[in-house]
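In listed order, ligands and their atoms are each counted from 1. Remember, predicted model here, so these are calculated numbers, not experimental data.
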Amino acid sequence: MPSYVEVAINLPQIFNTYHYHLPTDLVECVMPGSLVIVPFGKQRAQGVILRFVETPEVAETRPIEDIMDEKPALTSSQMALAQWLADETLSPLGTCINLMLPSGLSQYTDTLIQLNPDLDINPENLSQLEKQIVNLLKKRGDLRGRQIDALIRHVEWRGAARKLSREGIVRTQAILPPPRVKPKSVRKVTLAIPPETIDNLEEPLSRVHRVHDRRMHVLKTLAGEPEPVEPSWIYAQAGAKYNDLKTLEEIGLIKQLDIQVWRDPLVNAAYIPVTPPELTRDQKRAWEQIKLGLSHAEQGQTPRPYLLHGVTGSGKTELYLKAVKESLEMGKSAIVLVPEISLTPQTVKRFLSRFPGQVGVIHSQLSEGERYDTWRRVRNGELSVIIGPRSALFMPLENLGLIVVDECHHESYDQQDSQPYYHAASTAVAAARLSGAAVILGSATPRVTQFYQTISGQWDYIELPHRILAHREAIAHHAQRLGIDLPITSGEGQTADLGLPEVSIVDMREELQSGNRSIFSREMQKALQHILDTHQQAILFLNRRGTATYVFCRSCGYVVKCPRDDKPLTYHRRENGLLCHTCGYRRKVPRTCPECGSRQIRQMGTGTEKVEQLARERFPNARTLRWDAETTRKKGAHEHILTQFTNQQADILIGTQMLAKGLDLPLVTLVGVILAEVGLNLPDYRSTERTFQVLTQVAGRAGRSPLGGRVILQTYEPDNFAIQTAAHHNFADFYEQEIAYRRELRYPPFTRLVRLEYRHHDERKAEETALQLAGILRQWIRESDQHIEMSGPVPCFFSRLYGRYRWQIILRGVDPTKMLRNRQLPDWIVEVDPPSLL
Ligand code: ADP
Ligand code: ZN
């Protein structure tokens, strides 16, 4: 009786699953989760067995060809999660399963392209792109599709290749490359006979006396080793040679073994075991709640997710550590998500030192082999805590008890560059539900949609309202080093209480009126001078994303907006015009301000480089450092710049939003924001919340020192509520106003959005295709039983990417995904709950 299985094919754009039968020799080997090779159309492809089926849906099934690994690649909760993710994001199941396979093991099939040697090619009949392909093949020989992708970047060359193939100029053939990664093993040797028999050997080990002695020495050395050892060690110990080992093996006295070793990226990391501190009263209260959730999870009832709300330094990480410890004691495993490893080395170190030997770290700089080995060690149950960015969520942990999402509002949790377009925070909530685990989402500035979950009762809310900072002793030590008196309010236990920094808002319109045209207000100049005089440090922050994109009046702060959508219009240098990225409205840049008549109306054109230059002009003795996309491009540059700064080799650090993330810089007592509203004027419904988050976090950089600290926000819109609430560290007020705005304008969480994007190198073609789809969508909307609004098509705010023009359409309704289900939109990027509309 043949067994049938349902298989998800690991190929892009395959939404369906398929039935196959198992040849008899494989029946015993496979199970749900097994990674297999199947015939698919004319090619061979990788797939994952989802389940066994009684009767196949087609009469003639094809056989599973082979199994790639005797252990299943996916756990059962992972398969459920992949299915959930595919439904939720409208993505092919294969792309979701692919997230869970270590890169290098998972292999999409590829095409091998070969030049037809028997054909004389007349280049005149070929297009530019066709010629390029032919020349590549002439120069490099046969090429795989992915190699050509790398050689002709960001160009859709496959159409041209198909044409060449039809004309017989090239041949194409589907291939399935072997996995790039394999377990690493080393050769070791050991004795093949009982050690006590060595002295009773009948034959000499060589006719040459000296050689016999040497080989005897090898045997005796091995007899003293309980475990197999590496040959090089034997060579050194016994003065033996490769030939000796070979001969001894041939006569059966020793054997050589291939022993697997783990490529462990942490093998050189130093562990500093530390004992957990006693919790503060707030932490204890929070802990009681979390502990309850964990014990519910242990009894098989999935607890509600926890939103752990507390400013940086309020003790959240300490609670994560405690929750992980509790999970481990219950015999369960844990996943800890952090935004970016390179920006959170301190958090990672704390986990490593608290749970030595049990933690695996995933990050983008791991080699494929290290990644694969970490994956296998997790699968074997050798690592029970995984820490890493969003991809760590997809490790095959059995018996998951806890997921932590640190800084759960962070943008890096949204996958925006490839399918499936998912959100790690909400996926973590689903993963926890599917495996019966607890989940803690921590942040100082949760997203409005996340906080809304606690208001609507879906998640539980835990607050840590006070900032504790390190041990009182550590702070005292620090203060001593700086040679200052200690103005510390002591907290409970070992902690010291550090208040939040004082924040002032400077109205830049007044600066202009008083004749100060510099980008530094008088207050900022004074504060910087004080920093230089007292040998402290300052950070100057510029939200670069969007500085030069909108037009505003420096006299009154007026921002030119769309009369229809009330969104800031975007400046386009080429036509010196303004465009609305919501509805397509266009106008010229006004010469005078429509509000006050001033001629000071233009876009702000300042980058970090310019800020640095101006700072140096104003303060010739200041030592400045720049931290932005450009200066941190090189590997290790982050650490390098930070080290320089913490070693006091610079006074002023100038940077973009990367600076907003969490490192302790104790000598920083001034944080200056050059223009606080920049991010507010991006045409996206989330720009207000992003600006609030960034400003709040930037403000948190200051005042983490016994010297205290202050924050200066410069702005032309001093009354804006996001700036006001950020300045007062007031999340509650911010949320109240923002949620009211969302409710009124029907934005998430009150509706759901779907963003459809089309890219093409030909601008006209991009526009036409977008218009065409809009027509089809209008028809679908009429046929659907829901109220769905459509806006666009319009060019995206970032209108070109890799030389291709981007157009988009936004759908909004209670659940617009329903209408799109089971519809094919090839070539379109479909993003459900898009994190950004830019
Ligand atoms: P968060 O994750 O909210 O930024 P942390 O857990 O990192 O906060 O705590 C901030 C600082 O306070 C850290 O240096 C941490 O070691 C210290 N800390 C946290 N809780 C305690 C405690 N109960 N006793 C002493 N120090 C603590
Ligand atoms: Zn408009």
query: In terms of side-chain heavy atoms, does Gln283 have a donor or acceptor partner in His466 at a distance below 3.5 Å?
result: no

- prompt: Judged by modelled atom types alone, do Ser504 and Glu523 share a side-chain donor-acceptor pair under 3.5 Å?
  reply: yes

- prompt: If you count the atoms of ligand 1 from 1 in the order shown, which ones are under 4.0 Å from a heavy atom of Val311?
  reply: 3 (O)

Residue portion contacting ligand 1 (non-hydrogen atoms closer than 4.0 Å) for Leu279: backbone

task: Give the atoms of ligand 1, by number and element, whose distance to some non-hydrogen atom of Arg350 is under 4.0 Å.
output: 5 (P), 6 (O), 7 (O), 15 (C), 16 (O)

message: Quiz question: by atom type and distance under 3.5 Å, do the side chains of Glu407 and Ser443 form a donor-acceptor pair?
response: no

task: Please work out whether the ring planes of Phe731 and Phe734 are parallel, tilted or perpendicular, with thresholds of 30° and 60°.
output: tilted

task: Run down the list Glu278, Glu318, Glu407, Lys322 and name the one with the heavy atom closest to atom 23 (N) of ligand 1.
output: Glu278

message: Within the 4.0 Å heavy-atom shell around Thr280, which atoms of ligand 1 are there?
response: 23 (N)

- request: Tell me which part of Ser314 gets within contact of ligand 1: side chain, backbone, both or neither, using heavy atoms under 4.0 Å.
  value: both

message: Quick test of your reading of the model: are Lys291 and Glu288 salt-bridged, counting only N-O distances below 4.0 Å?
response: no

message: What I want to check is whether the side chains of His309 and Tyr461 have a donor and an acceptor closer together than 3.5 Å.
response: yes

- prompt: Is any N or O atom of Pro277, backbone or side chain, closer than 3.5 Å to an N or O atom of ligand 1?
  reply: no

